[in-house]
Q: 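Right, I'll just put the structure down here and ask away after.
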Amino acid sequence: MNKKVTKAVFPVAGLGSRFLPATKAVPKEMLPIVDKPLMQYAVEEAVAAGIDTMIFITGRTKNSITDHFDKAYELETELEMRGKTEILKILKDTVPEGISCVFIRQSEALGLGHAVYCAHSVVGDEPFAVILPDDLIEDGNRGCMAQMVELYNEKQCSILGVEPVDPSETDKYGIVRTSDFTGKFGAIEHIVEKPKPDVAPSNLAVVGRYILNPAIFDKIKNTGRGAGGEIQLTDAIADLLNDEQVLAYQFDGKRYDCGAKLGFLIANVEYGLLHKELKDDFATYLKDLVASKA
Ligand code: G1P
């Protein structure tokens with residue numbers, strides 16, 4: 001019987017040191033793009049892919065993520081009393097009907113592989129998605145994860161979202177080499193974490209979207225510390241390749257690297273230009289601003 005992807009893991013225990021002081025008391029995943037935290041975009045992408053169980057791997061100082069996906073009784077009652085039905089709906093939609101959220105504390109920040117392993121007991125023996133909220137992807141449609149789930153349903157093997165990056169930037173990503181692409185995907189032959197440009201097997205980078213078969217858990221368990229002294233998911237995937245096919249999928253859509261200040265700023269501008277209430281006024285403002293600087 002074909003297996004279905006019903007669970008998503010969000011590794012969100014990272015320190016967010018690149019965004020200090022903004023992230024001193026606020027998790028980086030709670031920084032907003034226009035009016036929604038990055039974390040919520042990630043959950044919405046999972047929901048749009050048909051996923052119903054959200055597993056957050058959190059750490060110290062991440063309580064506001066738990067609060068955000070909890071029911072806000074007082075606020076809801078207050079808005080109801082004041083007849084603010086539109087805002088009330090937005091609030092209630094944070095966690096749509098039928099979606100459950102599980103929170104697991106990663107007590108030590110030992111790396112992405114370790115964070116994913118923390119979800120093992122909740123995921124069990126099923127395929128699952130991993131979404132890194134820092135990588136925000138806009139495809140003007142159902143979302144990147146929905147595209148990947150569609151491919152998973154057909155192929156039933158692990159899939160990594162990839163995109164070509166500037167060859168000078170390979171040391172920021174997991175990099176794959178694949179066999180020829182058929183359409184939008186290819187079988188991964190080799191994967192390595194953050195190689196320097198001169199030794200990188202290609203410029204095809206893994207972005208923060210994965211669908212993994214549960215065999216990955218045993219692989220992570222046997223993975224020692226890799227790049228940066230951390231237990232790397234990439235190294236466990238390299239081991240998985242010895243036993244199973246793993247596909248690289250070049251998604252439709254644009255990725256914003258919101259883990260970097262420039263990417264975060266660009267995402268805010270472009271999402272502002274897509275926002276149904278703001279887009280016209282914001283576009284006018286930007287045009288005037290550019291004209292005044294010309
Ligand atoms: C992680 C992964 C890396 C991947 C990247 C995507 O790195 O280890 O393989 O390419 O996410 O954003 P990080 O950005 O957490 O250093």
Side-chain angles (χ1 to χ4, degrees), residues 8-19 23 27-29 31 33 38-39 41-42 45 56-59 62 106 108-119 129-138 144-145 148 158-178 188 190-197 199-212 216 219-220 223-241 246-251 253-264 266-267:
V9 176
F10 304 94
V12 290
L15 290 178
S17 47
R18 280 198 268 172
F19 274 87
T23 49
K28 65 174 174 167
E29 298 80 10
L31 296 177
I33 301 299
L38 277 167
M39 193 65 251
Y41 287 96
E45 187 181 323
F56 300 83
I57 311 299
T58 73
K62 300 282 178 161
Q106 184 187 11
E108 286 174 288
L110 296 181
L112 183 58
H114 178 252
V116 169
Y117 192 79
C118 291
V130 177
I131 298 183
L132 308 186
D134 280 4
D135 278 331
L136 179 62
I137 298 176
E138 165 60 43
C144 177
M145 190 46 74
M148 290 173 60
S158 299
I159 304 169
L160 316 185
V162 298
E163 74 172 9
V165 294
D166 191 287
S168 66
E169 300 208 317
T170 55
D171 56 0
K172 290 187 186 163
Y173 300 94
I175 298 290
V176 299
R177 190 186 68 229
T178 65
I188 298 176
H190 183 53
I191 181 168
V192 56
E193 181 70 2
K194 303 196 171 104
K196 296 265 178 252
V199 292
S202 81
N203 68 333
L204 207 50
V206 178
V207 302
R209 298 294 182 279
Y210 308 75
I211 293 179
L212 297 168
I216 195 70
K219 298 299 183 187
I220 300 174
T223 297
R225 291 178 187 240
E230 297 186 337
I231 298 172
Q232 296 291 353
L233 183 59
T234 298
D235 295 343
I237 294 170
D239 194 2
L240 188 66
L241 277 177
V246 179
L247 296 178
Y249 171 68
Q250 205 167 332
F251 57 92
K254 180 165 180 183
R255 178 181 70 102
Y256 299 88
D257 176 10
C258 295
K261 286 177 199 168
L262 184 61
F264 178 76
I266 291 171

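Both ligands and their constituent atoms are indexed starting at 1 by order of listing.
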Q: I'd like the name of whichever of E193, E230, K194 reaches closest to atom 8 (O) of ligand 1 through any heavy atom.
A: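 Among E193, E230, K194, the closest heavy atom to atom 8 (O) of ligand 1 belongs to E193.
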Q: Determine the minimum heavy-atom distance between K28 and G16, stating which atoms define it.
A: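 Closest approach of K28 to G16: CD-CA, 3.7 Å.
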Q: Taking 4.0 angstrom as the limit and counting only heavy atoms of L132, give me the atoms of ligand 1 inside it, by number and element.
A: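 Ligand 1 atoms under the 4.0 Å threshold to L132: 11 (O).
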Q: Using a 4.0 Å cut-off to any heavy atom of G208, which atoms of ligand 1 qualify?
A: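 Those of ligand 1 that fall under 4.0 Å from G208 are 6 (C).
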Q: In sequence, state the C-alpha distance, the side-chain angles, and the governing distance for R209 and D135, and then conclude on salt bridge (charged side-chain N to carboxylate O under 4.0 Å, His left out).
A: CA-CA 8 Å; R209 298 294 182 279; D135 278 331; 5.2 Å; no
Q: Please confirm whether F264 and Y256 have ring centers closer than 6.0 angstrom.
A: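 Ring-ring flag for F264/Y256: false, centres at least 6.0 Å apart.
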Q: Return the residue, atom name and 0.1 Å-rounded distance of the protein heavy atom closest to atom 4 (C) of ligand 1.
A: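 Scanning the protein heavy atoms, the shortest distance from atom 4 (C) of ligand 1 goes to V206 O, 3.5 Å.
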Q: Run through L233, L112, V9 and flag the one making a side chain to side chain contact (heavy atoms under 4.5 Å, CB included) with L132.
A: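 Output: one option passes, namely L112.
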Q: Report, in ascending order of atom number, the atoms of ligand 1 lying under 4.0 Å from any heavy atom of T234.
A: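 Within the 4.0 Å cut-off of T234, ligand 1 contributes 9 (O).
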Q: Identify, with sequence neighbours excluded, every residue that meets side chain to side chain donor-acceptor pair (under 3.5 Å) alongside E193.
A: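 Here the qualifying residues are T234.
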Q: Counting from 1, what ligand 1 atoms have a heavy atom of Q232 closer than 4.0 Å?
A: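 Going through ligand 1 atom by atom, the ones under 4.0 Å from Q232 are 8 (O).
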Q: Which residues pass the side chain to side chain contact (heavy atoms under 4.5 Å, CB included) test with E230, not counting sequence neighbours?
A: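 Scan of E230 (side chain to side chain contact (heavy atoms under 4.5 Å, CB included), adjacent residues dropped) gives Q232.
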Q: Can you find a protein heavy atom closer to atom 14 (O) of ligand 1 than 4.0 Å?
A: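 There is no protein heavy atom less than 4.0 Å from atom 14 (O) of ligand 1.
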Q: Apply salt bridge (charged side-chain N to carboxylate O under 4.0 Å, His left out) to the pair R255 and E138, showing each step before the final yes or no.
A: CA-CA 7 Å; R255 178 181 70 102; E138 165 60 43; over 6 Å; no
Q: With a cut-off of 4.0 Å, which atoms of ligand 1 are near a heavy atom of D135?
A: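 Ligand 1 atoms under the 4.0 Å threshold to D135: 6 (C), 12 (O).
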Q: Give the atom numbers and elements of ligand 1 that come within less than 4.0 Å of a heavy atom of G174.
A: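 Taking each heavy atom of G174 in turn, ligand 1 has 3 (C), 4 (C), 9 (O), 10 (O) under 4.0 Å.
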